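Here the structure comes first, spelled out in structure tokens, and everything after it is commentary.
Keep in mind that this is a model prediction, so the values were computed, not measured.
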Amino acid sequence: MIKNPVLTGFHADPSLCYADGTFYIANSTFEYYPGVRISASKDLANWETVSHPLDRQNLLWMEGNPCSGGIWAPCLTYDKGWFYLVYTDVKSWDSGAYKDTPNYITKAKSVEGPWSDPVFVNCSGFDPSLYHAEDGRKYFVSMEWDYRKPVGPEQFTGILLTELDPDKLTPIADPVKIFKGSELGWVEAPHIYQINGWYYLFTAEGGTVYDHAQTVARSRSLEGPYEMHPNTYLVTAKDAPSAPIQKTGHGAIAQAADGRWWYACLCGRPLPGTRFCPLGRETSINEIVWENDWPYIKNKTLIMDETFGGYGEQLPPKAVKYDFNSKQFQLDFQSVRSPAKVEVNGDGSLRLYGGTSPICVFGQNILVRRQTDFNFTAKTSVKITAKSFQKMAGLLYRYNERNHYFLRVAFDEANNGFCAGLIVNDKGEFSLPVKEIPVGDGIVHLKLTVKGKDAVFAYSLDGVNYTDIDYVCDTTVLSDEYDTLGFTGAFVGMSTVDMNDYSSYADFYGFEYIPG
């Protein structure tokens, strides 16, 4: 049996696609760069990241984007030898009535690229998808945002269908509103499928929190009217607070070569005894069965299974000791908003140049990877030579600019030498909870150990004997539910900051991520 979630740690808004014997899932990346994360699997059990398609400035540039802006809910489809990727680059979303949400389409023969220059479609809503009709016509399916409505579900005013030129991928007709959603509201993330003479419309509703749901409707006509599923929802955990897999909804379906149908959706797993999900929104899968031309998950309930039978045996997570020259490092680690300023030295160490402070939405210079396990250890070693308290580098454990922990090394005048110190940003409030710790002017080894709700940093001068920092970090601080609304999850990695003149750098000697 395969254990859910199949993609752990911040793999939100999955778009499931099947092509030539391989399953693909495209996930949101929000402010993390490069944009969109595509994973591949032959058996639904074991997945590997294969691409971040939005890796050029003309495809994506997010400097100044707000926290949890950027790439929302990409849609990956395959038609006649081409992969199509629809994506939104959210420029504003949490500052009042407005949302600025330009939508684009790019395509490629392979998910590994090269991807075409983007085609702008519109900016009237977010979470769009592309429907490929059997007659060759193409349609853009998107939600509509109405800033005039009271803040809340009423601003989600329905699903729009817009015909596109099949070659240019630009609109050739005015949009038609085909669906207004159920009473739950917050209708978004539409996908259309034509199956057995029916058009099926899958939408997410309830907001991407604990009331989340996957709504299904069908019609004999593409433009409707659409009738609701007998259960209204395909999945939801909104009435099952004890279910281990929560927040289920916002998903997509695909049919494998053997005729079986599969459904991938986002979900969240709260830490035991809490409602906080530091791993963010993840991806789970269940098989779909059909009854009276309606889809149901195989267990015939609304609750996603913790395990399911696919096509292979799931391998346990492994510890990773990264080679900075490796493809795995390039795929696992991301920067924020724009490419990291970095190079690999001749000795294999990673030189990360100084960027802006950890609270800035312009010019930060970090390389971080998802936290994919409730319990893990991360290690790195760093050397910085710039003798200024404003130039620092170290091990970063972050949710966003407002909430993060940073064990950094910097020069301290009072100690007349380099010191380690812990920086805490909690709901935007800055603190230095421990005294500066002298560490000399050589390589400093840094470690983070996370056990559920608790995280402890440590340092070492020899890489063997570590001393814990006398401060227990609360991992719930790094979750969507903790502060203002957000959509990502906890990341851990390397950061270099230069708030003096952007001239400095730090060298990092390896990075390890150890589950358990």
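- Side chain to side chain, Q194 and Y131 meet the donor-acceptor criterion of an N or O pair below 3.5 Å.
- With R370 contributing its side chain and F10 its backbone, the two residues share a donor-acceptor pair below 3.5 Å.
- A donor-acceptor pair is defined here as one N or O able to donate and one able to accept, closer than 3.5 Å; such a pair exists between the side chain of N27 and the backbone of A12.
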side-chain contact (heavy atoms from CB on, under 4.5 Å) between V477 and Y405, worked out: CA-CA 10 Å; V477 169; Y405 303 103; 3.5 Å; yes
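- Counting non-hydrogen atoms of neighbouring residues, nucleotides and ligands closer than 6.0 angstrom, the NZ atom of K180 reaches no more than 12 such neighbours.
- At distances below 3.5 Å, at least one donor-acceptor pair connects side-chain atoms of Y226 with backbone N or O atoms of L222.
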side-chain hydrogen bond (donor to acceptor under 3.5 Å, both in side chains) between N400 and R402, worked out: CA-CA 5 Å; N400 60 14; R402 288 176 54 84; 5.8 Å; no
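- H229 contributes a side-chain N or O that, together with a main-chain N or O of P295, makes up a donor-acceptor pair within less than 3.5 Å.
- With respect to E188 and K99, no salt bridge is recorded, no charged nitrogen being found less than 4.0 Å from a carboxylate O.
- Other residues, nucleotides and ligands contribute only 12 or fewer heavy atoms inside 6.0 Å of the CD atom of E429.
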Working for side-chain contact (heavy atoms from CB on, under 4.5 Å), residues L59 and Y87: CA-CA 10 Å; L59 282 165; Y87 63 98; 3.8 Å; yes
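- With a 6.0 Å cutoff to the six-membered ring centre and a 45° limit on the axis angle, R220 counts as a cation-pi contact of W198.
- In this structure, W61 contributes its side chain and N58 its backbone to no donor-acceptor pair below 3.5 Å.
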Chi angles and distances behind the side-chain hydrogen bond (donor to acceptor under 3.5 Å, both in side chains) call for N122, T162: CA-CA 10 Å; N122 64 28; T162 306; 5.0 Å; no
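- Looking at N403 and K427, their side chains never bring a donor and an acceptor atom within 3.5 Å of each other.
- A distance-only check finds a donor-acceptor pair linking the side chain of N103 to the backbone of G125 [under 3.5 Å].
- A distance below 6.0 Å separates the ring centres of W93 and F487.
- Not less than 6.0 angstrom separates the ring centroid of Y193 from the ring centroid of Y200.
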Test side-chain hydrogen bond (donor to acceptor under 3.5 Å, both in side chains) applied to N231 and Y296, step by step: CA-CA 9 Å; N231 294 334; Y296 297 83; 5.0 Å; no
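- Under a cut-off of 6.0 angstrom, the local environment of CD1 in I195 is crowded, with over 12 non-hydrogen atoms contributed by other residues, nucleotides or ligands.
- Here Y24 and F83 bring their ring centres to under 6.0 angstrom of each other.
- No close placement of the H52 and Y33 rings is indicated, their centers lying 6.0 Å or farther apart.
- Seen from the ring of Y311, K42 does not count as a face-on cation partner, given the 6.0 Å and 45° thresholds.
- Defined by atom type and a distance below 3.5 Å, a donor-acceptor pair is present between the side-chain atoms of E144 and T157.
- Salt-bridge annotation for E154 and K149: absent, with no side-chain N of the basic residue lying under 4.0 Å from a carboxylate O of the acidic one.
- The shortest side-chain heavy-atom distance between I192 and I178 falls under the 4.5 Å cut-off.
- Side chains of D43 and S41: a donor on one and an acceptor on the other come within 3.5 Å.
- Applying the 6.0 Å contact sphere to NZ of K177 captures more than 12 heavy atoms from other residues, nucleotides or ligands.
- When the shell of 6.0 Å around CD of E63 is examined, it contains more than 12 heavy atoms from other residues, nucleotides or ligands.
- Here the straight-line distance linking atom CD1 of I25 with atom CG of L7 works out to 5.0 Å at 0.5 Å rounding.
- Checked by atom type and distance alone, the side chain of D474 pairs as donor or acceptor with a backbone atom of T476 at under 3.5 Å.
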Worked check of side-chain contact (heavy atoms from CB on, under 4.5 Å) between T8 and E282: CA-CA 5 Å; T8 60; E282 306 171 286; 3.4 Å; yes
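- Side chains of T77 and H132: a donor on one and an acceptor on the other come within 3.5 Å.
- Summarising the local packing, NZ of K107 is surrounded by more than 12 heavy atoms from other residues, nucleotides or ligands at distances under 6.0 Å.
- Applying the 6.0 Å contact sphere to CZ of F430 captures more than 12 heavy atoms from other residues, nucleotides or ligands.
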Audit row: E227, R218, salt bridge (charged side-chain N to carboxylate O under 4.0 Å, His left out) steps and yes/no: CA-CA 5 Å; E227 61 175 314; R218 73 181 184 186; 3.1 Å; yes
Worked check of side-chain contact (heavy atoms from CB on, under 4.5 Å) between W262 and Y18: CA-CA 10 Å; W262 300 95; Y18 183 80; over 6 Å; no
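- In this structure, K138 satisfies the cation-pi test against Y84, with its NZ or CZ atom closer than 6.0 Å to the six-membered ring centre and inside 45 degrees of the ring normal.
- Side-chain contact, Y32 with T488: no donor N or O sits under 3.5 Å from an acceptor N or O.
- The only option from T248, L234, T236 that meets the side chain to side chain contact (heavy atoms under 4.5 Å, CB included) definition with C265 turns out to be T248.
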Working for side-chain hydrogen bond (donor to acceptor under 3.5 Å, both in side chains), residues Q334 and T29: CA-CA 10 Å; Q334 291 174 273; T29 44; 4.9 Å; no
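- Between the N425 side chain and the E401 main chain, a donor and an acceptor come within less than 3.5 Å of each other.
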